[in-house]
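Working notes, beginning with the structure itself.
In this text, all values refer to a predicted model and were calculated from it rather than measured experimentally.
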Amino acid sequence: ELTGHQHYMYKEIQEQPEKAAAVIGGRLDDRFATARLNGLNLAPRELRAFRRVKLLGCGSAYYVGQIGAQLIEDLARIPADAEAASEFRYRNPIIEPDTLYVVVSQSGETADTAFAVQEIKRKGGQVIGVVNAVGSTIAREVDGGIYLHAGPEIAVASTKALTNMAIAFAMLALHLGRLRDLSVADGERILTAIKRLPEQIRDILDDEAHIAQVATTLAKAENAFYIGRVRQYPVAREGAQKLKEISYIHAEAYPTSELKHGPLALIEPKLLTVAIVPQDDLTERNLAAVQQVQARRGPVVAITHADVDFGDLDVERIIVPKSEPELDPILLTIPTQLLAYHAALALGHDIDKPRNLAKSVTVE
Ligand code: BG6
């Protein structure tokens, strides 16, 4: 039901504080500074035996899987990576017994992702699902998993389901970490930060009027770069994807570190760069990259923290509250949703049903 909102995408963006609380609800264990994930159907002994984690999904679910892989490496120190399920299924993948496979899907019906599950199971691998739609094909076929409790998502461009995926990965990473070497103190640090996410998402949404104004500039661009490094590279990928999907503006994501190795050649006044610049140990390097873009007369929007000092750089800033560094990507992604939404709105596009796209691709 659309009540008082013009678009499902908008309604779903606004629901995020409440839905984020729903995915967290009942899953944090203060006493042992960990997350309780009963649906995994894996004993602590089994979870400790995994030596690698592979996350698989398509489109935005793949990009948020990259956020998940980094969280697992950060908190559990288990080698982890994400791959597009659509590619994985076609390359006769090597399925290893000591790898935990994690498939990621809002609908639970994406054909490429469902096929990846079958391929893993056929070869004897262990696969869990991070899925929103209860009772969906993927949810039924996996060995266990985490439900997202984001409620039905109607708009083709995913928002609240993605945010809940990232929060679910944070809890999975915390759980795996506490079974290994993550200290009580670090467990508590992450647990406390997870609890604060819903209200921090609310704070970002409260800045909508400003973000909408920035989006009108974005709507006039012919091309856009989204740049971020390490934890923030998947944020850039997801941000660029969202802009492409609903505003039809050509957008590409690059690791900020790669800019000087090629894409810098394209910088000019009509190419807008959205830079993800958190306050962390890479801030100085990120600022140097922003400076290089500006030296070539490229306009820059930064999604950043309040304490980042841009000096005399001419940057339009969107300020996001700080979490713990491992969780910052979850919050830094939220403004990219509103940027894409308001750019598409300014351009008069059909936001909930973008051309050529379906909500879930159930065919090959
Ligand atoms: C794409 C949709 O086709 O499928 C994306 O356009 C979505 O928005 C992706 O992220 C994966 O869908 P799902 O349902 O498996 O998460």
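More than 12 heavy atoms of other residues, nucleotides or ligands lie within 6.0 Å of CD in Glu258, so this atom counts as buried by the packing criterion. Around the NZ atom of Lys260, the shell of radius 6.0 Å holds more than 12 heavy atoms that belong to other residues, nucleotides or ligands. By the 6.0 Å contact criterion, CZ on Arg45 is open, its count of non-hydrogen atoms from other residues, nucleotides or ligands being 12 or less. Within a 6.0 Å sphere centred on CG of Asp98, other residues, nucleotides and ligands contribute more than 12 heavy atoms. Heavy atoms of other residues, nucleotides or ligands lying less than 6.0 angstrom from CZ of Arg196 number 12 at most.
Under 4.0 Å is where a charged nitrogen must lie from a carboxylate oxygen, and between Lys353 and Asp350 no such pair does. Under a 4.0 Å N-O distance rule, the pair Arg202/Glu18 does not qualify as a salt bridge. Taking 4.0 Å as the cut-off between side-chain N and carboxylate O, Asp81 and Arg52 do not count as a salt-bridged pair. Ion pairing between a basic and an acidic side chain is recognised when a charged N comes within 4.0 Å of a carboxylate O; Arg91 and Glu83 show such pairing. At a threshold of 4.0 Å, the pair Glu324-Arg189 counts as salt-bridged, since one of the basic side-chain nitrogens sits closer than that to a carboxylate oxygen.
Thr110 contributes no side-chain N or O that, together with a main-chain N or O of Thr113, makes up a donor-acceptor pair within less than 3.5 Å. For Lys322 (side chain) and Asp307 (main-chain N/O), no donor-acceptor pair under 3.5 Å exists by modelled atom type. Here the side chain of Arg317 pairs no donor or acceptor atom with the backbone of Thr304 at under 3.5 angstrom. Under the 3.5 Å distance criterion, the side-chain polar atoms of Arg296 are matched with a main-chain donor or acceptor of Gln292. Looking at Asp143, its side chain never comes within 3.5 Å of a backbone N or O of Gln126 through a donor-acceptor pair. The main-chain N or O of Leu182 is found under 3.5 Å from a side-chain atom of Arg178 such that the two form a donor-acceptor pair. Side chain of Ser360 to backbone of Thr362: no donor-acceptor contact under 3.5 angstrom is found. Side chain of Lys242 to backbone of Thr159: no donor-acceptor contact under 3.5 angstrom is found. A distance-only check finds a donor-acceptor pair linking the side chain of Asp352 to the backbone of Tyr8 [under 3.5 Å]. With hydrogens and angles disregarded, a donor-acceptor distance shorter than 3.5 Å links the side chain of Gln294 to the backbone of Asp314.
Taking the six-membered ring where the residue is Trp, Tyr10 and His342 present perpendicular rings, their angle passing 60° and hence far from 30°. Using bins of under 30°, 30° to 60° and over 60° for the plane-to-plane angle, the ring pair Tyr101/Phe88 lands in the tilted bin.
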Assess the residue pair Thr256 and Arg285 against the criterion (side chain to side chain contact (heavy atoms under 4.5 Å, CB included)); give the C-alpha distance rounded to whole Å, side-chain angles, the decisive distance to 0.1 Å, and a yes or no.
CA-CA 9 Å; Thr256 310; Arg285 288 175 192 276; over 6 Å; no

For side chain to side chain contact (heavy atoms under 4.5 Å, CB included), just list the numbers for Asn132 and Asn164, CA-CA rounded to whole Å, side-chain angles, deciding distance to a tenth of an Å, and then say yes or no.
CA-CA 9 Å; Asn132 193 38; Asn164 280 15; 5.9 Å; no

Test Glu141 against Ile138 for side chain to side chain contact (heavy atoms under 4.5 Å, CB included), laying out the working first.
CA-CA 5 Å; Glu141 288 185 357; Ile138 292 170; 5.9 Å; no

Between Arg51 and Glu96, does the side chain to side chain contact (heavy atoms under 4.5 Å, CB included) criterion hold? Intermediate values first, please.
CA-CA 10 Å; Arg51 298 177 63 84; Glu96 295 165 303; over 6 Å; no

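Counting only heavy atoms from C-beta outward, the side chains of Ile249 and Glu222 never approach each other to under 4.5 Å. Side chains of Ile190 and Ile194 form a contact here, defined as non-hydrogen atoms less than 4.5 Å apart. Side-chain contact between Asn286 and Arg229 is present, with at least one heavy-atom pair separated by less than 4.5 Å. The shortest distance between side-chain heavy atoms of Leu338 and Leu205 falls below 4.5 Å. A heavy-atom distance below 4.5 Å is found between the side chains of Leu327 and Ile330.
Of all the heavy atoms in Ser60 and Glu245, the pair that sits closest is OG-OE1, 4.4 Å. Minimum heavy-atom separation, Arg231 to Val235: O-CG2, 4.0 Å.
A side-chain contact (heavy atoms from CB on, under 4.5 Å) with Leu47 holds for exactly one of Leu37, Leu172, Leu40, Ile78; it is Leu40. When the options Lys11, Lys160, Lys359, Lys19 are evaluated for a side chain to side chain donor-acceptor pair (under 3.5 Å) with Glu153, the one that passes is Lys359.
The hydrophobic cluster around Leu259 extends to Phe225, Ile227, Tyr254, Leu264, Leu266, Ile267, Leu271, Val277, Leu287, Val290, Val293, Val300, Val308, Phe310, Leu313, Val315, counting ILVMFWY residues whose side-chain heavy atoms fall within less than 4.5 Å of a member.
The list of ring pair (Phe, Tyr, Trp, His ring centres under 6.0 Å) pairs with a residue in residues 21-65, not counting sequence neighbours, is empty.
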